[in-house]
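Chain letters run A, B, ... following the sequence lines, proteins first, then strands; residues in each count from 1. Predicted, not measured: the structure shown is a model, and the values here were computed from it.
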Protein chains: 2
Amino acid sequence: MSRTDTTRRGSRQGRAGIRDVAAAAGVSITTVSDALNGKGRLPDATRRHVREVAERLGYRPSAAARTLRTGKSGLIGLTVTTYGDEPFTFTEFAYFAEMARAATSAALARGYALVILPATSRHDVWSNVALDGTVVVDPSDHDPVVTELVRQGLPVVSDGRPAGTLPVTAWVDNDHEAAVLDLLDHLAAAGARRIGLLTGTTTDTYTRLSTTAYLRWCERVGQDPVYESYPAHDPCAGAVAADRLLARPDRPDAVYGLFDPNGTDLLAAARRYGLRVPEDLLLVCCSESTVYATTEPPITTLSLKPRRIGTAVVQLLIDAIEGIDTGRPVEQVIPTELIVRTSSQRRPPRTTVSAPRSPARD
Amino acid sequence: MSRTDTTRRGSRQGRAGIRDVAAAAGVSITTVSDALNGKGRLPDATRRHVREVAERLGYRPSAAARTLRTGKSGLIGLTVTTYGDEPFTFTEFAYFAEMARAATSAALARGYALVILPATSRHDVWSNVALDGTVVVDPSDHDPVVTELVRQGLPVVSDGRPAGTLPVTAWVDNDHEAAVLDLLDHLAAAGARRIGLLTGTTTDTYTRLSTTAYLRWCERVGQDPVYESYPAHDPCAGAVAADRLLARPDRPDAVYGLFDPNGTDLLAAARRYGLRVPEDLLLVCCSESTVYATTEPPITTLSLKPRRIGTAVVQLLIDAIEGIDTGRPVEQVIPTELIVRTSSQRRPPRTTVSAPRSPARD
DNA sequence: CCTCCCAGGAGTCACGTTTCTGCATGATCA
DNA sequence: TGATCATGCAGAAACGTGACTCCTGGGAGG
């Protein structure tokens, strides 16, 4: 009777609370909670009645209270190692955008949302948000953020295999070595005698594995390595390095560029030196950008399949959050795809392997 | 004395709570809270002691409990209208990526984090996260999500001026009409006699305003409009529309493309028809992509300055969250920038107006 | 010597849920 | 007919904070 007047504050002040719904429906708080969450044992009539009243009052459960009570927030952190003060790195823009998009989709489909967080260990932001787990893109060697998160008992899944002893719950990556070896074989089969590499000075796993594979391949076929390195986060340095590579006395007749903008940079450099692509110079770069389908000539690209990676990372993370923890790290390798276009074929292609965005020429 | 044994659960089970810190420091919960938040009146000695103990125990305050108590979560929603089942639209990829990056930076600098949320009114995800406010990119006419958020009393700031009576707290946009008029004048000054438009079939504000400005300009200078429309979310349709535009009997000698991929599509179409750029065809497109600096020839682009927009949107939103609510909508117009390159100059440029791909921008 | 005041800190409630426990009420069964 | 049991629901204890109220000395002023 007189106890229902404990509903003093919530009713008029802000949004309707569970108490208001209970009072309006003439039932207890327990019944409302059970009815809305499909939990307890209630007849369908009561369930419907409560739901209707809740709808009428515009009731939305408080996410904060639910999180506090259940310990689950439905939030997943997404963090990327950065080279400056910006939250994402610039070089892998298309890759990251695609990967983040797929990750967001996959998370939403399972009822989770993604929170973009900085890779810096500024605790004030990280500890202000209740996370169920975190996706880390390209974690550095002994990432303090990852260590701290694992110490708190949160699952962490990385895009890119962790270097050193980084204790991630699971990771997803491409087989970068196989991709590079395959790609170099493709160039050699197209007639390349000396293949050059445009690579980065950073020590991340992608750059390291790819460069190592290149060197191994050179050793195997008995070619002297011809490569230029530059800091991958500086787009101007990339254009300069592309120019340097083609200005060398031992100029390569084919080049693979590890980073997204390398294709246009190499194409511009080739024009400056009067080199025709693909007649004088074969070109491949690693990119997710669709512009390479319509450049003159279209450029063969290696796709790392960021959408599949983003999806896989989130699936593994949510599995770890909800399911049983196997204890040992789970590893998943996503195949790459070589999208062959004109720039890596000595003769005009007879069978088009690429998916062209334009009506067929000739 | 014997009441301190109420610290029964928290101490061993999970992370350290505020009670554990209080017990370890030999003070009360109040003192710990005050010491860590710099609130009450405590001597520095006590404050330091408590902080040290908290540090030693690895204490991190529970974000959920704090949110529940204070009503502020430090989370900002970021949502984009979508044309498919993906969370972001595809056509404005570079724009959105840049804008989101700037928004994330600005939010982090003020202690907030961004949560990526779908534009669909799937309430289960939206109501599962406690938001302090939301950024909406390109809200549709009577966006149900915006309406619902405003009904809940949350501030909403939109990128793109709201159509109809959408009750946003504030908005940020470019002056699209002025940008298009200016750009058309630029093309006319370069010698264009008949300027064509590549536009979209969607009804969003950007497309509508830009197209209207084009039609107005045509009327003013007495030119018959020459344009093709296509669904902007379909990249293949864009290539086809570009081809159609150049195949017309009243073929334009200059084209402005409203969307990011239009530049490469138009360039490819021009090559198919044997048109030289800029001699036979002047080209401008709206894009944030840096590839247009190195295409053959480089293409003039209209930049909407997404970084400035992203920053402005977040600043306005956080101001609304923290500060006083003025009640009336705040509007902010960001100027656009025409990056003039070879494709829109009849004669080789003597003075380079374009900004090359240097990292420092804005 | 008494009073007042203030620094310093302890107790306690409330935020809005979820969930465990438990109490009625009828129906079933030996 | 009384014991057992499933059903339908109410009470109340947390979850971990923040903030308000109140208590207790000790020094200063009268």
If the cut-off is 4.0 Å, is B:T67 near the phosphate of C:dC15, judged by side-chain N/O to OP1 or OP2?
no
In whole Å, what is the span from the CG atom of B:L68 to the C1' atom of C:dG16?
6 Å
List for me each residue that meets salt bridge (Lys or Arg N to Asp or Glu O under 4.0 Å) alongside A:R48, sequence neighbours excluded, and say none if there are none.
none
Output one line per pair: protein atom, nucleotide atom from nucleotides 19-21 of chain D, and distance, for all N/O pairs under 3.5 Å.
unit_1 : atom_1 : unit_2 : atom_2 : d
D:dA19 : OP2    : B:K39  : NZ     : 3.2
D:dA19 : N6     : B:T30  : OG1    : 3.3

Using a cutoff of under 3.5 Å, can you pull out all pairs of nitrogen or oxygen atoms linking the protein to nucleotides 5-8 of chain C, with atom names and distances?
unit_1 : atom_1 : unit_2 : atom_2 : d
C:dG8  : N7     : B:R41  : NE     : 3.1
C:dG8  : N7     : B:R41  : NH2    : 3.1
C:dG8  : O6     : B:R41  : NH2    : 2.8

Output the rounded distance in Å from CZ (A:R66) to C1' (D:dC15).
14 Å
Show me, pair by pair, the donor-acceptor contacts under 3.5 angstrom made by side chains of residues 37-47 of chain A, not counting sequence neighbours?
unit_1 : atom_1 : unit_2 : atom_2 : d
A:N37  : ND2    : A:S33  : O      : 3.3
A:R47  : NH1    : A:D34  : O      : 3.3
A:R47  : NH2    : A:G40  : O      : 3.3

Roughly, in whole Å, what's the span from CG in A:L57 to P in C:dG16?
15 Å
Find the distance B:R60:CZ to D:dT17:C1' and express it as a whole number of Å.
16 Å
Distance, rounded to the nearest Å, where B:R19 contributes CZ and D:dG18 contributes P
13 Å
Are any of A:S28's side-chain N or O atoms less than 4.0 Å away from OP1 or OP2 of D:dA10?
yes
Could you give all pairs that pass the salt bridge (charged side-chain N to carboxylate O under 4.0 Å, His left out) test and reach residues 103-117 of chain B, with sequence neighbours left out?
B:R110-B:D319, B:R110-B:E322
Protein-nucleotide distance (A:R48, atom CZ; D:dG8, atom P), rounded to Å:
13 Å
If you look only at pairs with a residue in residues 159-173 of chain B, which of them pass as a salt bridge (charged side-chain N to carboxylate O under 4.0 Å, His left out), with sequence neighbours excluded?
B:R161-B:D173
